Amino acid sequence: MSSPKVEQKRTICNRDCPDACSIVATIEDGKVVQLQGDKDHPVTDGFLCHRTSRFLEIQYDPSRVTTPLMKREGKFEPVTWEVALDFIADRMLQIRDESGPAAIMHYRSGGSMGMMKFVTNYFFEQFGPVTVKSGNVCSGAGDEAQLTDFGDKDSHDFFDLLHSKTIVIWGKNVYVSSVHLLPVLKEAKKRGARMILIDPVYHKTATLCEHHFQPRPGGDIAFALGVARLLFENGRCDPTAEAYCEHLEEFRAMAYSRTLKQWAQMAGVGVQQIETLAEYYGDGPSAILVGWGLQRKTYGSSTIRVLDGLGAISGNLGVAGGGVCFSSKWLGNFNMDFLQGAKGAPRTIAEPLLGPGILQAADPPVRMVWVTGANPVTMLPESLTVKRALESRELTVVVDAFLTDTARCADVVLPTTTLLEDDDLLGSYGHHWIAESQPVVPPPPLVKTDYEIVQALAPRVGLGEKFSEDVDTWKKRILERVSPGGASLENVRQGPVRDPLSRDVLFADRQFPTETGKANLVRKVCAEPPVPTLKRPLFLMAFSTEKAQASQWLPGTQQGPATAVVHPDAAAGFVDGDKARIESEIAELTVLLKFDSRQRKDVILMEKGGWLSAGRCANVLVPAQATDAGGCAVYYDTPVRLLPA
Ligand SMILES: Nc1nc2c(c(=O)[nH]1)N[C@H]1C(S)=C(S)[C@@H](COP(=O)(O)OP(=O)(O)OC[C@H]3O[C@@H](n4cnc5c(=O)[nH]c(N)nc54)[C@H](O)[C@@H]3O)O[C@H]1N2
Ligand SMILES: Nc1nc2c(c(=O)[nH]1)N[C@H]1C(S)=C(S)[C@@H](COP(=O)(O)OP(=O)(O)OC[C@H]3O[C@@H](n4cnc5c(=O)[nH]c(N)nc54)[C@H](O)[C@@H]3O)O[C@H]1N2
Ligand code: SF4
Ligand SMILES: [Mo]
């Protein structure tokens, strides 16, 4: 017997994750047998997260969709690409003729963070433009806050935390959502940085920190304004802040509008906790790591604006080791000029309201939906409404590698590549490296990348020429701005390159790309956190879990009721391990209770991404609601109660 052919290939993880890791794949006789983290990538640091280390179980799962499927009499049947694409093209042309392009909706989310995926957006702009989403359920509220305050949304260099004296981890579970920050945080700690976690929820990140304060959910605005008041009172503010802050007086007046005791009460913390945070934060340079979870709340955008204000008045903007870091600008320096985006669309539907939005759309109604890189039935609020909306269109097309809850609603499913077969360019929303993903194995014979799908469809709707270019031509176009500085395709092909246009420290000259050139401090907010109702005293929150990327679970894990974690005092009449029903205003879900006395008594916690088809989907309970700005979804403010199963 000949020995197997073994080789190693590198690619980049394209998942919706801030880390954008460099993966080293070991391939034996054409099959990937191991995935490891690249030691040469400074952020990846030689390790991968749990979910991607075990991705091969998903990659080679027999449930993978490997041929186009069309639904006939409620059942999927395999068809050829010709049949599927001819059918889709005919319907698209007919719908556009009869009702105009607004009757077609293109919806894309975070299945892959690759830049080539935007070419599908471009296809629908060229065909239409068609109806698209507005806002962003993931980060819209925070993005909007930072754009309003600073005129830009970006973060300091990934390693700038090594210059911090204090690091406030404000509502973020690093152990789950940003594991590659852990080595940096641990190193910063070794060098003497002090860390504080502000999070209503107890999780492992608390073990990294000197203090963990657990405000009321949404109590962050009051907490931060209490800290701001103390910084003003104790003369810990930057005396030059006036020179680069617009509305400083109004911000100060807001901080003084309540006593410390009132802020503490509103935030659900002790006065001493505000004092401790102010003392630590005032002794900088201090960085605030702003969690994404923090802004998926009714007043999510205001919350981030207040944290921005705290950074500004305390002199922590523009200094190494400081900053109010939410996301890095993963799109910013790529050339995306070929796209118009939502502003060029004839109609938009707010992403958090996708289900009701599609159902209510009129003149013209939405007759067709094309879903790609997304599982909105599972991941968007009001799952049952999203499902109903997709099932009731004349044509729903879903491009995915698996028969997800969303794909099950489709009339046509088109099979696509996984992260190991992808050919793309990646930025990152957690650091500033640019990288190329390259297939480490070819896809199954009948599987196409999103771009190949568009290329096959385009000639059928008269757009063949526009989509005839090869992938490299697109990559070069997208890299146009960063190429001269060193991030050319040739260089990126050799390995990840730090974005030459990104900075180590933001606003180092205290100049902001706002209208006035100054930081634009927030003047008015609603500081009162939402209160649970008497009838439904718990807030339901379903968060990222280390076990999965959103709804992409390892095979065999979606069985039986989902687990819900709750403080024992908040579950009177139940014992640990009991079955119970969680009831919100719009639905019910059966769960298994797990008691945890480290949690607040007003929350109940689940994992995000549970499948609807397995009866585990938290989003059936969450009403469709948008945040105060930026069109993010209010995922974590849903009042619920427990009922016997
Ligand atoms: N309750 C609750 N809900 C939430 C959240 C929460 O915290 N709580 N978090 C929200 C957040 S932050 C986000 S970003 C969203 C995520 O929502 P989605 O982005 O919709 O989540 P995924 O489950 O990752 O779905 C992506 C799908 O894309 C497919 N896919 C992978 N690669 C490709 C590819 O190259 N091409 C195509 N066409 N498909 C591909 C995958 O198989 C998967 O089915 O969910 C949100 N939903
Ligand atoms: N393993 C894994 N990693 C992931 C993902 C995944 O599905 N699985 N998803 C990815 C995606 S889509 C994204 S967007 C990113 C970010 O992923 P997210 O899971 O959104 O990241 P976190 O910033 O950790 O946000 C959740 C945190 O917000 C806190 N929080 C909730 N409400 C409040 C509040 O009122 N106040 C405060 N102070 N804190 C609050 C929660 O307790 C929790 O610790 O990570 C990615 N990483
Ligand atoms: S999911 Fe995130 S942490 Fe895991 S390998 Fe991919 S980029 Fe790295
Ligand atoms: Mo996200």
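Bear in mind the structure is a predicted one, so any value in this text is a computation, not a measurement. Start at 1 and go down the list; that is how both ligands and their atoms are numbered.
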Taken in chain and number order and not counting sequence neighbours, the residues that satisfy side-chain contact (heavy atoms from CB on, under 4.5 Å) with P444 are R64, T66, E421, V447
How far does CH2 of W292 sit from CG of D143, to the nearest 0.5 angstrom?
10.5 Å
Under 6.0 Å from the six-membered ring centre of W553 and within 45° of its axis: does the NZ or CZ of K547 meet both?
no
Sequence neighbours excluded, which residues qualify as side-chain contact (heavy atoms from CB on, under 4.5 Å) partners of V24?
Q8, R10, D38
Parallel, tilted or perpendicular: which one describes the rings of H431 and F158, with boundaries at 30° and 60°?
perpendicular
Below 30° counts as parallel, above 60° as perpendicular, anything between as tilted: where do the rings of F467 and F123 land?
perpendicular
Are the side chain of D424 and the backbone of S437 linked by a donor-acceptor contact shorter than 3.5 Å?
no
Could you check whether R108 makes a cation-pi contact with F118, meaning its NZ or CZ is under 6.0 Å from the centre of the six-membered ring and within 45° of the ring axis?
yes
With hydrogens left out, which residues have an atom under 4.0 Å from ligand 1, given that only heavy atoms count?
D16, S109, G110, G111, S112, K117, C138, R296, T372, G373, A374, N375, M379, V399, D400, T404, T416, T417, D450, A542, A550, S551, Q552, K608, N619, Y635, Y636
Number of protein N, O or S atoms [distance to atom 2 (Fe) of ligand 3 under 2.8 Å]:
1
Closest heavy-atom contact between M113 and D16?
CG-CA, 3.6 Å
